[in-house]
Amino acid sequence: MSPSQPQTSPQGCSTAHPPPVVCRTRKQERSVRTRRALVHSAAERFERHGYERTKLSEVSEGAGVTTGALHFHFRNKADLAGAVEHAAIRNLYRVARRTQCEQTDALSELSALSYALAHLLHQDVVSRAGFRLNYETSGRTRLSIHQEWQSCVQRLLVQAGEEEGAPLGTLPLCELTDTVVGATTGFALLARDNRVWLSPKVLTGFWRAVLPGCALESKGDGDG
């Protein structure tokens, strides 16, 4: 074989350069990794500094890329914040679907979902930052996490009452819904300064106080 000729594989394909499909796949994988790194870096800074004080130069530095690479993926800070919110919403929906599949009745689903969401917010900075951005500002996404949670709580409480054949607790349904939504949302906001508010111990105490006559599974006293 002449030195100037490209080597071939046993299948007769040239190995001098990767096939175009392989090159495109690798490029796409790098692009996905870069985008994820930017979203994660942005979430860390949105959580630490808030939206207004976060600088795109710090986000790109945290992700280990240039500002040019950041602007290739995101037009501006609002676009980047929207990506963080959407990532958080996807995480929340994923947890909700998994919890729904694992429970057999509405009240167990509601309590289990509160523990699962608290655990997610405790562990995942993207979910925490996305929750904060969605709660504090509007216009980047059509979905309100607060409103979605309120609808979910109301639906499950109605279903639980139907399953029990009697009202839950001593409060009317609308007041019970407001109490659960207000308290759990408050725990998530308080957890910015102290994540103990997202611990199973806090949630267990809350459920025992609000629905003392209902058998709710305790998740222990750990940190989630």
* Do the ring planes of Phe187 and Trp197 sit parallel (below 30°), tilted (30 to 60°) or perpendicular (above 60°)? -> parallel
* Counting heavy atoms not belonging to Arg48, are there more than 12 under 6.0 Å from its CZ? -> yes
* Asked: Under 3.5 Å, is there a donor-acceptor pair between the side chain of Asn91 and the main chain of Ser127?
  -> no
* To do: Tell me, with the steps shown, if Val180 and Phe206 meet side-chain contact (heavy atoms from CB on, under 4.5 Å).
  => CA-CA 9 Å; Val180 173; Phe206 165 73; 4.2 Å; yes
* To do: Could you please spell out the steps behind the side-chain contact (heavy atoms from CB on, under 4.5 Å) verdict for Phe46 and Arg132?
  => CA-CA 9 Å; Phe46 285 141; Arg132 175 177 180 176; over 6 Å; no
* With sequence neighbours excluded, residues passing side-chain contact (heavy atoms from CB on, under 4.5 Å) with Leu189 -> Phe131, Tyr135, Thr185, Arg192
* To do: Find the distance between SG (Cys152) and CD (Gln100) and round it off to the nearest 0.5 Å.
  => 8.5 Å
* **Nearest-0.5 Å distance, NE2 of residue His146 to OG of residue Ser151** => 9.5 Å
* Asked: Going by distance alone, is a donor N or O of one side chain under 3.5 Å from an acceptor N or O of the other, for Gln150 and Gln154?
  -> no
* What pairs with Ala96 under side-chain contact (heavy atoms from CB on, under 4.5 Å), at least two apart in sequence or on another chain? -> Leu113
* Would a 4.5 Å heavy-atom cut-off, applied to side chains only, mark Glu58 and His49 as touching? -> yes
* **CH2-OG distance between Trp149 and Ser114, expressed to the nearest 0.5 angstrom** => 6.0 Å
* **Side chain Glu163, main chain Ala106, donor-acceptor under 3.5 Å** => yes
* Can Leu176 and Leu211 be said to form a side-chain contact (heavy atoms from CB on, under 4.5 Å), step by step? -> CA-CA 9 Å; Leu176 181 58; Leu211 298 174; 4.1 Å; yes
* To do: List the atom of Asn134, the atom of Ile145, and the distance in Å for their closest heavy-atom pair.
  => OD1-N, 2.8 Å
* Can you tell me if CZ on Arg36 sees more than 12 non-hydrogen neighbours from other groups inside 6.0 Å? -> no
* Structure fact -> In short, Val126 meets Ala87 closest at the heavy-atom pair CG1-CB, 3.7 Å
* Which heavy-atom pair separates Ser60 from Ser57 by the least distance, and what is that distance? -> OG-O, 2.9 Å
* Out of curiosity, Leu190 CG to Leu198 CG, how far, rounded to the nearest 0.5 Å? -> 9.0 Å
* Asked: Heavy atoms, side chains only, cut-off 4.5 Å: are Phe74 and Leu56 in contact?
  -> no
* Hydrophobic cluster identity match, Phe72 and Leu70, side-chain contacts under 4.5 Å -> no
* Do you see a donor-acceptor pair shorter than 3.5 Å between the side chains of Arg45 and Ser41? -> yes
* **Closest non-hydrogen atom pair, Arg128 against His122** => NH1-O, 3.0 Å
* Structure fact -> When rounded to the nearest 0.5 Å, the distance separating NE2 of His71 from CG of Leu38 is 10.5 Å
* **Taking every non-hydrogen atom, the tightest pair across Glu85 and Gly130** => CG-O, 3.8 Å
* Euclidean distance, Glu164 CD relative to Leu107 CG, rounded to 0.5 Å -> 6.5 Å
* Asked: Do the side chain of Lys201 and the main chain of Val196 share a donor and acceptor less than 3.5 angstrom apart?
  -> no
